[in-house]
Undergrad: 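If you scroll down you'll find the structure; I have some questions about it.
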Amino acid sequence: MVVVEPETSKPHVVVLPSPGMGHFIPLLEFAKRLVVHHDIHVSFLQITTEASAAQNQLLHSSTLPPGLDVIDLAPANISALVSEETLVLTRLCIIVRESLRSLKSVLIELGKPQALVIDLFSTQAFEICRELSIPTYTFFTASISFLAFSLYLPTLDREVDCEFVDLPEPIQVPGCTPIRTEDLLDQVRNRKIDEYKWFLLHISRLPMAAGIFLNSWEDLEPTSLKAIKDHIFYRQIPTPPVHPIGPLIKQAEASVTETDAKCLAWLDKQSSDSVLLISLGSGGTLTAAQLTELAWGLELSQQRFILVARKPSDASASGTFFNVGGDINDPTEYLPEGFLERTEGVGLVVPSWVPQVAVLRHPSTGAFLSHCGWNSILESITHGVPMIAWPLYAEQRMNATMLVEDVGVAIKPVAVPGKEIVEREEIERVVRMVMEGEEGKAMRRKARELKDSAVEALRDTTGLSYESLSRVIKEWKLEA
Ligand code: UDP
């Protein structure tokens, strides 16, 4: 490990994301923001995992500002602790636990930073930092309403005996829109498995944080934010101070790969708002049968599209979580026969990864079929792009319902009752609706309003999110 000596005059903050692009990307953006807008020196600790090609590519393609140092933690050997069957969150939590064994010595070597910022899954850091008298903040990488649910879960765990999915009524999270049990995240659908125990462990420790940064802003989630700030339930926990500082989204890469350049050049040739992007985040994969229906639905809709067509997986909806971008596939092996030929000129198929932000901000992009990961949602809304909500795993079903029912920027296709997959006719219907229908226009208008409000929230010196972050930084500077 090479440790760069921090400059003494500036506050020094350490940022530590857990593995996975959905954590890595927003914490890197947060780190950049601290350096560029607030003159902080940041050490960004990277947990090295089974090669995450996209994560490494992101680090090496982004222009990191001077004052942001990336430090790799020593890789942890977890081979004896996990098996093929180990689920994503359990695997992630074990990698983090093992990797953080070196955290104390790294923090000591770095001198005493003003603060450590972690995400939800590195809460072992609380004890380590308490010993070193370093305040630890959590950067919450999901929605505010999901934070409200997370803060409520330990109570629910104490008060409810059965499985939450068997509850007869939606779950009434204090001050928030009730959550339908079918929307509950995978990790809380079976309370006997390790995934649930890990999740509960980390969220139960949220109150140990010195503060919680929220990657959201008031206009997007007014009700949940008000609830967390004012409702007696959250005050009694007690909930640490919350700081809405978003939306912080990934900036388009400074350098693009050859495939990325091809994709953007293709978009340049299309007319405005005419292309649907289909991309299921860093980990998302469809079953073979569902990918076939999706391809047929797209073809029937006759709309223009960019399809990130990863190799299907019948075993897991998060099949590429740890190795996205790592394997090169041949889409002809798993798309319907003749699909590429029949859609030539109308659609572009990319095997693994698109420069998503650059595509969303391109004027030709009219809508986004998304798995509803929180970063993808923020990226879509901040570019004024309406969505087709296609949730797959984690808290994505809750996000999808919020986008459709509370925010009004998305439509969700419906599977035929009793069938697990969404059929091609339904896909054709929602694609046409979002691209050409009146509903699509209304969703686009709403997304554009939110886009403007996001710009306001982040505006230097006057925006609410800017102010919120500045207040914390002022404290750090006083202590430096
Ligand atoms: N992403 C991308 N290209 C892809 C797929 C994903 O650039 O082909 C980026 C996307 O822009 C977002 C992140 O990966 O910043 C995915 O985060 P999200 O929270 O949406 O989902 P997760 O991957 O955590 O499920």
Side-chain angles (χ1 to χ4, degrees), residues 17-30 32 49 52-59 61-62 88-89 92 119-121 139-143 146 185-187 215-216 246-257 259-260 262-264 277-286 305-311 316-329 331 348-362 365 368-383 385 387 389-400 403 410:
S18 59
M21 294 303 272
H23 312 136
F24 194 84
I25 288 173
L27 269 85
L28 182 61
E29 287 310 321
F30 174 69
K32 287 194 214 160
T49 59
S52 173
Q55 191 168 302
N56 287 327
Q57 197 196 327
L58 178 70
L59 269 184
S61 68
S62 315
V88 168
L89 184 68
L92 185 150
D119 59 52
L120 188 53
F121 299 114
F139 183 107
F140 200 75
T141 55
S143 69
F146 187 59
L185 64 157
D186 304 324
Q187 282 74 21
N215 198 6
S216 193
L248 299 187
I249 63 154
K250 183 175 159 205
Q251 302 304 305
E253 284 87 350
S255 63
V256 287
T257 63
T259 338
D260 292 353
K262 204 175 118 200
C263 178
L264 297 174
L277 168 67
I278 299 110
S279 166
L280 301 171
S282 55
T285 42
L286 297 175
F305 64 85
I306 293 178
L307 168 64
V308 184
R310 290 203 188 115
K311 193 171 175 183
S316 162
S318 53
T320 60
F321 190 88
F322 286 109
N323 64 356
V324 65
D327 50 349
I328 302 302
N329 303 307
L348 187 71
V349 174
V350 187
S352 179
W353 189 256
V354 273
Q356 187 169 296
V357 172
V359 172
L360 286 169
R361 96 173 163 183
H362 196 288
T365 303
F368 179 21
L369 186 152
S370 168
H371 74 317
C372 298
W374 190 241
N375 296 293
S376 293
I377 289 172
L378 295 179
E379 290 162 11
S380 202
I381 292 179
T382 52
H383 292 95
V385 176
M387 280 163 272
W390 195 292
L392 291 175
Y393 57 92
E395 87 295 3
Q396 293 156 11
R397 284 181 292 270
M398 289 166 61
N399 292 346
L403 292 179

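Note that ligands are numbered from 1 as they come in the structure, with each ligand's atoms numbered from 1 the same way.
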Undergrad: Taking C-beta and beyond as the side chain, do K250 and L28 meet within less than 4.5 Å on heavy atoms?
TA: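 In short, these two side chains do not touch, never coming nearer than 4.5 Å.
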Undergrad: Mind checking whether S279 has a heavy atom under 4.0 Å from ligand 1?
TA: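 Yes, that is the case, since the closest heavy atom of the residue is under 4.0 Å from the ligand.
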Undergrad: Taking C-beta and beyond as the side chain, do L392 and L286 meet within less than 4.5 Å on heavy atoms?
TA: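 Sidechains of L286 and L392: in contact.
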Undergrad: With atoms numbered from 1 as shown, which atoms in ligand 1 lie under 4.0 angstrom from a non-hydrogen atom of Q396?
TA: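 So the answer, numbered in order with elements, is 25 (O).
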Undergrad: Go through the side-chain N and O atoms of E379 and N375 and say whether any donor and acceptor fall under 3.5 Å apart.
TA: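 On atom types as modelled, these side chains do not qualify, holding no pair under 3.5 Å.
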Undergrad: Between T365 and H383, is any pair of side-chain heavy atoms under 4.5 Å apart?
TA: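 Sidechains of H383 and T365: no contact.
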Undergrad: So, 4.0 Å and heavy atoms of H371: is ligand 1 close enough to count as a contact?
TA: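 The answer is yes, since H371 has a heavy atom less than 4.0 Å from ligand 1.
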Undergrad: Mark yes or no for whether N215, through its side chain, and T141, through its backbone, hold a donor-acceptor pair below 3.5 Å.
TA: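 No; zero donor-acceptor contacts below 3.5 Å.
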Undergrad: Using modelled atom types and a 3.5 Å cut-off, is there a donor and acceptor pairing between side-chain atoms of S216 and backbone atoms of S143?
TA: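 Checked: no pair found.
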Undergrad: Would you mind listing which atoms of ligand 1 come within a distance below 4.0 Å of any non-hydrogen atom of G22?
TA: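 So the answer, numbered in order with elements, is 17 (O), 19 (O), 24 (O).
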Undergrad: Do M398 and L185 come close enough that some side-chain heavy atom pair is under 4.5 Å?
TA: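 Side chain of M398 against side chain of L185, heavy atoms only: contact under 4.5 Å found.
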Undergrad: Where the closest heavy atom to atom 5 (C) of ligand 1 is concerned, which of F24, W374, W353 has it?
TA: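 Looking at heavy atoms only, the winner is W353.
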Undergrad: With heavy atoms of G373 as the reference, note each atom of ligand 1 found under 4.0 Å away.
TA: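 Checking each atom against G373, I get 18 (P), 19 (O), 20 (O), 21 (O).
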Undergrad: Counting heavy atoms only, which of E29, E379, K250 is nearest atom 15 (O) of ligand 1?
TA: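 Answer by nearest heavy atom: E379.
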Undergrad: What part of N375 sits under 4.0 Å from ligand 1 if we count only heavy atoms: the side chain, the backbone, both or neither?
TA: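 For N375, backbone and side-chain atoms both sit under 4.0 Å from ligand 1.
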Undergrad: Can you sort out which atoms of ligand 1 are near S376, meaning under 4.0 Å from one of its heavy atoms?
TA: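 Under 4.0 Å from S376, ligand 1 has these atoms: 18 (P), 20 (O).
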Undergrad: Atoms of ligand 1 less than 4.0 Å from V354 heavy atoms?
TA: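 Answer, ordered by atom number: 2 (C), 3 (N), 4 (C), 7 (O), 8 (O).
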